[in-house]
Trainee: 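Below is one structure. I have some questions about it.
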Amino acid sequence: MKRPRLLAVALAVPLFGAVSVVALPAASAQPAGPLTEFSVLARDGQSVAAAQQAVRDVGGTIVATNTAVGLITATAPATGFTERVSANRAVFGAAKAKAIGSAPKAGKKEKPDAVEKEGRGSVSRKAAANKAVGTDPLDDQLWGLKSTRSDLARTKQAGDKRVKVGIIDTGVDGSHPDIAPNFDKADSRNFTKDIVADVNGTVVDGPCEFRGCVDPVDHDDNGHGTHVAGTIAAAANGFGVSGVAPNVTLVNIRAGQDAGFFFLQPTVDALTYSGDAGIDVVNMSFYVDPWLYNCRSNPADSAAEQAEQRTIIEATTRALNYAHRKGVTMVVALGNQHDELAAPHDDVTSPDYPANGPHPRKIDNASCFSLPVEGPHTIGVGSFGPTQAKADYSNYGTEQISVSAPGGYFRDGYGTPWYRTVENEILSTYPRNVGVAAGNIDAAGNVTPAGVALGVQKATAPDGRVGYYQWLQGTSMAAPHATGVAALIISQYGKKTGHSVSMDPDAVQRVLEGTAAPIACPVPRTVDYLKEGRDASFTATCLGDASFNGFYGHGSVDAYSAVTRGSAFLR
């Protein structure tokens with residue numbers, strides 16, 4: 001089993017009982033400043049209703065409440081709100097979620113994704129081979145599909161339609177021809193609202209495309225979630241690509257903004273909804289913004305920032321425990337910061353929202369957590385490239401890793417023709433609207449020269465359906481391979497009752513880890529990545545043995561082994 005570092009916080013869901021409330025400061029001290037959205041967490045053991053009243057008493061307006069966790073979304077003037085509401089004994093703490101609009105300035109604030117799009121600007125090594133190899137025409141380019149032995153596994157178990165996989169991400173393009181056959185629109189939800197601009201006037205998500213600034217549940221304006229979904233369960237339909245578990249059901253449970261930010265309230269709502277809706281496994285390829293590491297009392301942070309991070313830790317932990325109790329297997333990307341998670345580098349990127357907020361912070365491993373991966377009951381997934389070399393960007397360490405999986409490594413194969421080619425990355429589904437916005441697809445639906453240079457591909461079926469595909473890399477791409485294998489495990493061994501299949505998440509994890517293909521540490525154990533053009537901060541040392549180590553965990557996920565030998569790990 002994985003060696004987790006669990007968060008030392010109260011894990012119980014808030015109780016619905018009486019509460020005593022401290023006297024409030026005089027009305028003259030009401031909050032002031034621009035209207036801001038806050039997340040307010042009810043104290044464990046206190047009633048959510050009392051926390052709601054505390055919000056109202058200090059001038060806040062309640063927008064929504066997640067009663068499973070006790071998390072309240074409220075709007076209020078910014079100055080003084082968190083201090084006043086947190087003074088109430090019914091409240092654990094409050095976190096500023098996001099500042100609410102002003103006139104946009106030029107430019108766009110997007111969460112950085114330099115790792116995932118490192119291959120941008122490089123030329124594809126070969127033209128797309130649109131021939132039938134494997135299950136679907138483009139599967140010959142999916143080295144990750146072969147590495148996980150999904151192509152073999154589907155001869156035994158291709159997935160059960162009753163198994164529901166939740167994509168907690170930026171959305172899913174449910175109209176994509178490879179996604180549509182497996183997409184469940186009825187159960188899909190969007191817990192986000194587009195942020196046109198932040199309090200500084202910096203564009204975040206951009207203009208609202210839909211009324212109310214809420215995107216439909218089958219829409220993705222970022223592309224990340226659709227890429228993840230395709231790796232997990234693109235249909236084996238003789239078209240485009242197929243996923244690791246090509247016959248399971250995909251559910252969009254959106255928690256990410258168009259710009260790629262994942263804030264507390266949508267993330268918590270997505271997790272508790274997953275439990276309530278009977279989702280079997282969720283993929284989480286993100287960390288909860290705005291803090292890469294949430295620290296309880298980092299001296300570099302203000303008192304308000306420390307309180308905010310304690311609130312994020314507590315609320316996320318409650319949500320993870322809730323989903324686990326409800327039978328949700330939670331697969332999480334390990335992260336792209338090339339950190340040994342037991343001894344992380346200084347954090348120079350937090351808070352990443354709003355703009356101009358980051359300040360350097362030393363990270364104390366005992367009291368700082370990257371969430372959700374360092375939360376309870378998560379299956380952390382590291383990334384490797386086509387040669388099984390640990391990807392330079394991938395976080396690692398025996399503390400949090402469970403398994404490893406193909407995530408792409410642009411710089412893999414140093415000294416060979418494959419070095420610095422996009423084919424070292426992961427090819428998966430790409431929303432047409434995102435490709436058009438990026439200039440990779442033109443208005444007529446043709447791949448532009450810029451798109452061709454990036455390896456963007458187009459597939460056209462005999463009936464005229466068109467799908468697009470792009471290359472990305474990251475632990476965000478590794479986690480979906482593991483999620484797909486977890487879905488196959490549930491399909492093969494889960495308890496089938498009518499319209500559903502269920503399996504204890506701990507049992508799923510035992511099979512996933514127990515059937516993984518072991519990969520030993522490299523020799524020498526320390527890898528510096530200098531010849532690949534990386535600096536000394538990327539140097540990593542692999543601790544452990546072939547059965548479990550910090551680069552690969554229990555090994556690479558193996559779909560065929562999971563569905564043929566998994567029963568040996570059930571008890």
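These values consider heavy atoms only, across backbone and side chains, with no hydrogens, waters or symmetry-generated copies.
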Trainee: Test of understanding: with salt bridge (charged side-chain N to carboxylate O under 4.0 Å, His left out), list the residues that count as partners of Asp184, not counting sequence neighbours.
Mentor: none
Trainee: Go through it in stages, so that I can follow the logic: the residues are Ser404 and Ser383, the test is side-chain contact (heavy atoms from CB on, under 4.5 Å), and I'd like the CA-CA distance, side-chain angles, deciding distance and then a yes or no.
Mentor: CA-CA 6 Å; Ser404 54; Ser383 177; over 6 Å; no
Trainee: Taking it one step at a time, do Phe262 and Tyr287 satisfy ring pair (Phe, Tyr, Trp, His ring centres under 6.0 Å)?
Mentor: CA-CA 7 Å; Phe262 289 77; Tyr287 66 83; 8.7 Å; no
Trainee: Centroid separation under 6.0 Å, is that true for the rings of Tyr469 and Tyr430?
Mentor: no
Trainee: Sequence neighbours excluded, which residues qualify as salt bridge (charged side-chain N to carboxylate O under 4.0 Å, His left out) partners of Arg154?
Mentor: none
Trainee: Working note: Lys458 + Val466, criterion side-chain contact (heavy atoms from CB on, under 4.5 Å); need CA distance, chi angles, decisive distance, verdict.
Mentor: CA-CA 7 Å; Lys458 175 182 178 180; Val466 175; 3.6 Å; yes
Trainee: List in chain and number order the residues that pass side chain to side chain contact (heavy atoms under 4.5 Å, CB included) with Asn433, two or more places apart in sequence or in another chain; answer none if no residue qualifies.
Mentor: His219, Asp221, Pro431
Trainee: Kindly indicate whether the side chain of Val165, heavy atoms from C-beta on, has any atom under 4.5 Å from the side chain of Thr249.
Mentor: no
Trainee: For Gly159, is there any backbone N or O sitting under 3.5 Å from a side-chain donor or acceptor partner on Ser491?
Mentor: no
Trainee: State, with a plain yes or no, whether a side-chain heavy atom of His345 is found less than 4.5 Å away from one of His338.
Mentor: yes
Trainee: In terms of side-chain heavy atoms, does Thr475 have a donor or acceptor partner in Asn336 at a distance below 3.5 Å?
Mentor: yes
Trainee: Within the structure provided, determine whether Asp412 and Tyr419 are in side-chain contact (heavy-atom separation under 4.5 Å).
Mentor: no
Trainee: Would you check if the side chain of Ser147 reaches a backbone N or O of Trp143 as a donor-acceptor pair within less than 3.5 Å?
Mentor: no
Trainee: Flag the pair Glu118 and Arg411 as a salt bridge only when some basic side-chain nitrogen lies within less than 4.0 angstrom of an acidic carboxylate oxygen.
Mentor: yes
Trainee: Quick check, are the ring centers of Phe548 and His554 under 6.0 angstrom apart?
Mentor: yes
Trainee: Take Thr317 and Leu320 through the side-chain contact (heavy atoms from CB on, under 4.5 Å) test and state the conclusion after the steps.
Mentor: CA-CA 5 Å; Thr317 300; Leu320 292 168; 5.6 Å; no
Trainee: Aromatic ring centroids of Phe369 and Tyr293 under 6.0 Å?
Mentor: no
Trainee: Measuring only between side-chain heavy atoms, which start at C-beta, is Tyr468 closer than 4.5 Å to Asn440?
Mentor: no
Trainee: Side chains of Asp178 and Thr429: is there a donor and an acceptor less than 3.5 Å apart?
Mentor: no
Trainee: Can a salt bridge be assigned to the pair Lys146 and Asp151 using a cut-off of 4.0 Å between side-chain N and carboxylate O?
Mentor: no
Trainee: Using a 6.0 Å cut-off, check whether atom OH of Tyr414 has over 12 heavy atoms from anything other than its own residue.
Mentor: no
Trainee: Return the minimal non-hydrogen interatomic distance between Gly260 and Asn222, and the atom names on each side.
Mentor: N-ND2, 3.8 Å
Trainee: Side chains of Glu308 and Trp291: donor-acceptor distance under 3.5 Å anywhere?
Mentor: yes
Trainee: Answer yes or no: is there a donor N or O on one side and an acceptor on the other, between the side chain of Thr148 and the main chain of Ala559, under 3.5 Å?
Mentor: no
Trainee: Treating Asp280 as the side-chain partner and Lys164 as the backbone partner, does any N or O pair qualify as donor plus acceptor under 3.5 Å?
Mentor: yes
Trainee: Are any side-chain N or O atoms of Trp471 and backbone N or O atoms of Thr421, one a donor and one an acceptor, separated by less than 3.5 Å?
Mentor: no
Trainee: Among Leu271, Val281, Val373, exactly one meets side chain to side chain contact (heavy atoms under 4.5 Å, CB included) together with Met330. Which residue is that?
Mentor: Leu271
Trainee: Would Val332 and Val381 satisfy side-chain contact (heavy atoms from CB on, under 4.5 Å), going step by step from the backbone distance to the final call?
Mentor: CA-CA 6 Å; Val332 187; Val381 185; over 6 Å; no
Trainee: Pick from Asp215, Asp169, Asp218: which one makes a salt bridge (Lys or Arg N to Asp or Glu O under 4.0 Å) with Arg254?
Mentor: Asp215
Trainee: Do the numbers put Lys390 on top of the ring of Phe384, so that NZ or CZ is under 6.0 Å from the six-membered ring centre and no more than 45° off the axis?
Mentor: no
Trainee: Under 3.5 Å, is there a donor-acceptor pair between the side chain of Glu374 and the main chain of Ser370?
Mentor: yes
Trainee: Are the side chain of Asn66 and the backbone N or O of Leu71 linked by a donor-acceptor pair below 3.5 Å?
Mentor: no
Trainee: Give a yes or no on whether the backbone of Leu145 and the side-chain of Ser150 come within a donor-acceptor separation of less than 3.5 Å.
Mentor: no
Trainee: In this structure, which one of Ile168, Thr483, Ile379 forms a side chain to side chain contact (heavy atoms under 4.5 Å, CB included) with Met284?
Mentor: Ile168
Trainee: Run the salt-bridge test on Asp347 and Arg361 with the 4.0 Å N-O cut-off and return the result as yes or no.
Mentor: yes
Trainee: Using a 4.5 Å cut-off on heavy atoms from C-beta on, say whether the side chain of Tyr353 contacts that of Ile195.
Mentor: yes
Trainee: Please work out whether the ring planes of His324 and His377 are parallel, tilted or perpendicular, with thresholds of 30° and 60°.
Mentor: parallel
Trainee: Would you say Asp220's side chain and Thr226's backbone share a donor-acceptor pair under 3.5 angstrom?
Mentor: yes
Trainee: Using the rule side chain to side chain contact (heavy atoms under 4.5 Å, CB included), only one of Glu116, His227, Gln141, Gln473 pairs with Ile426; which is it?
Mentor: His227
Trainee: Under the 3.5 angstrom rule, does the side chain of Asp289 hit a backbone N or O of Phe263 as a donor-acceptor pair?
Mentor: no
Trainee: Enter the distance from Ser556:OG to Arg149:CZ here, rounded to the nearest 0.5 Å.
Mentor: 10.0 Å
Trainee: What's the separation between atom CZ in Arg318 and atom CD1 in Ile313, rounded to the nearest 0.5 Å?
Mentor: 12.5 Å
Trainee: Just wondering, do Leu454 and Val422 contact through their side chains at under 4.5 Å, heavy atoms?
Mentor: no
Trainee: Do you know which two heavy atoms are closest between Thr329 and Pro505, and how far apart they sit?
Mentor: OG1-CA, 3.4 Å
Trainee: Against Val403, only a single residue in Glu513, Gln509, His481 fulfils side chain to side chain contact (heavy atoms under 4.5 Å, CB included); can you say which?
Mentor: Glu513
